[in-house]
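In this text the structure is predicted, and so the values were computed from the model without any measurement. For the numbers below, each heavy atom of this structure counts, side chains included, while hydrogens, waters and symmetry mates do not.
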Amino acid sequence: TGAGSGLGRLFALEFARRRALLVLWDINTQSNEETAGMVRHIYRELAEAAAATPRVAGDGEKDALPPCNLQVYTYTCDVGKRENVYSTAERVHKEVGEVSVLVNNAGVVSGHHLLECPDELIERTMMVNCHAHFWVT
């Protein structure tokens, strides 16, 4: 979650370098798609490197990663809304399958002192930074 920027994007890129099939969630469709484009670029580089490296039996073959069909899926999801999380999770289950690793990274930072923070922002912060972890998990 939160794959469209910051740490979420960095996690996605690192998992891509490690040949993970990725499911990216973010509230911002455009930034999530930008991350997916970066991931696809990494996948292309990995495929090109694998194609350029001949595999010879006995030549460190056990250390080589097997070729695989690397994919990235993107979903727009507001993790601060329980029903949005549940419906998106159901789509992922149907379209992608089981999830083996979850990086629940989405977060809200208000930038205000607590006493200067409007109630709506406090509620949003709690929904995304606390409740969403339970819903997504």
Side-chain angles (χ1 to χ4, degrees):
T1 66
S5 63
L7 286 174
R9 177 175 281 175
L10 293 174
F11 280 127
L13 299 177
E14 187 58 34
F15 277 111
R17 288 182 194 99
R18 295 171 185 268
R19 298 172 178 248
L21 181 147
L22 293 174
V23 176
L24 308 178
W25 286 17
D26 201 278
I27 193 171
N28 184 318
T29 303
Q30 182 178 345
S31 62
N32 204 27
E33 290 298 334
E34 288 171 3
T35 300
M38 294 173 191
V39 165
R40 290 182 187 102
H41 179 76
I42 291 169
Y43 288 167
R44 281 191 298 275
E45 287 178 339
L46 290 171
E48 290 168 3
T53 306
R55 294 185 65 179
V56 179
D59 186 26
E61 188 171 334
K62 67 179 183 206
D63 296 330
L65 290 171
C68 57
N69 188 15
L70 301 173
Q71 295 183 38
V72 58
Y73 299 84
T74 58
Y75 296 87
T76 302
C77 182
D78 181 349
V79 299
K81 296 181 179 174
R82 182 182 62 228
E83 291 306 319
N84 196 198
V85 170
Y86 290 165
S87 64
T88 304
E90 183 62 31
R91 282 187 59 208
V92 169
H93 186 72
K94 287 179 182 174
E95 296 171 10
V96 182
E98 294 293 323
V99 172
S100 57
V101 174
L102 167 64
V103 178
N104 203 352
N105 183 73
V108 172
V109 178
S110 71
H112 298 286
H113 294 286
L114 178 63
L115 297 178
E116 297 170 358
C117 213
D119 291 345
E120 296 79 22
L121 187 52
I122 291 171
E123 290 172 348
R124 176 82 182 145
T125 300
M126 291 305 295
M127 290 303 216
V128 173
N129 295 0
C130 180
H131 298 133
H133 289 281
F134 296 100
W135 301 331
V136 173
T137 302

> Nearest 0.5 Å, what's the OG-CG distance between Ser31 and Leu24?
10.5 Å

> With heavy-atom distances below 4.5 Å as the criterion, would you say the side chains of Ile27 and Thr76 are in contact?
no

> Rounded to the nearest 0.5 Å, what separation is found between the CG atom of Leu10 and the CE atom of Met38?
9.5 Å

> Group every Ile, Leu, Val, Met, Phe, Trp and Tyr by side-chain heavy-atom contacts under 4.5 Å, then state whether Leu102 and Phe11 land in the same group.
no

> Can Leu13 be reached from Val101 by stepping across I, L, V, M, F, W or Y side chains whose heavy atoms are under 4.5 Å apart?
yes

> Could you go through the side-chain contact (heavy atoms from CB on, under 4.5 Å) check for Thr1 and Asp26 one step at a time?
CA-CA 6 Å; Thr1 66; Asp26 201 278; over 6 Å; no

> State the OG-CG distance between Ser110 and Asn129, to the nearest 0.5 angstrom.
9.5 Å

> What pair of heavy atoms forms the shortest contact from Arg19 to Leu46, and how long is it?
CG-CD1, 3.9 Å

> Taking atom types as modelled and ignoring hydrogens, do the side chains of Glu95 and Tyr75 form a donor-acceptor contact shorter than 3.5 angstrom?
yes

> What's the separation between atom NE2 in His133 and atom CG in Asn104, rounded to the nearest 0.5 Å?
5.0 Å

> Is Asp78 salt-bridged to Arg124, cutoff N-O under 4.0 Å?
yes

> Just wondering, do Leu70 and Leu21 contact through their side chains at under 4.5 Å, heavy atoms?
no

> List the atom of Val39, the atom of Ala16, and the distance in Å for their closest heavy-atom pair.
CG1-CB, 3.8 Å

> To the nearest 0.5 Å, how far apart are NE2 in His131 and NZ in Lys81?
16.0 Å

> I'd like to know if the side chain of Asn32 pairs up with that of Thr74 as donor and acceptor (distance under 3.5 Å, no hydrogens or angles considered).
no

> Do Phe15 and Val23 sit in one hydrophobic cluster, given that two such residues count as connected whenever their side-chain heavy atoms are within less than 4.5 Å of each other, even indirectly?
no

> Apply side-chain contact (heavy atoms from CB on, under 4.5 Å) to the pair Asn105 and Trp25, showing each step before the final yes or no.
CA-CA 10 Å; Asn105 183 73; Trp25 286 17; over 6 Å; no

> Out of curiosity, Glu45 CD to His41 NE2, how far, rounded to the nearest 0.5 Å?
3.5 Å

> When you compare the side chains of Tyr73 and Gln71, does any donor N or O come within less than 3.5 Å of an acceptor on the partner?
yes

> Which heavy atom of Val79 sits nearest a heavy atom of Ala106, and at what distance?
CG2-CB, 3.7 Å

> Are any non-hydrogen side-chain atoms of Val72 and Thr35 less than 4.5 angstrom apart?
no

> Are any non-hydrogen side-chain atoms of Trp135 and Met127 less than 4.5 angstrom apart?
yes

> Looking at Glu14 and Arg18, does any basic side-chain N land under 4.0 Å from a carboxylate oxygen?
yes

> Indicate yes or no: at least one non-hydrogen side-chain atom of Leu7 is less than 4.5 angstrom from one of Val103.
no

> Are Leu22 and Val99 connected in the hydrophobic side-chain network, where two residues link if heavy atoms are under 4.5 Å apart?
no

> Check whether more than 12 heavy atoms from other residues, nucleotides or ligands sit under 6.0 Å from atom NE2 of His112, and answer yes or no.
yes

> Apply the test side-chain contact (heavy atoms from CB on, under 4.5 Å) to residues Val85 and Cys77: give CA-CA distance (whole Å), side-chain angles for both, the deciding distance (0.1 Å), then the verdict.
CA-CA 7 Å; Val85 170; Cys77 182; 4.2 Å; yes

> Contact between Glu98 and His93 at the side-chain level, heavy atoms closer than 4.5 Å - yes or no?
yes

> Quick one, Glu123 with Met126, criterion side-chain contact (heavy atoms from CB on, under 4.5 Å). Give me CA distance, side-chain angles, the key distance, then yes/no.
CA-CA 5 Å; Glu123 290 172 348; Met126 291 305 295; 5.9 Å; no

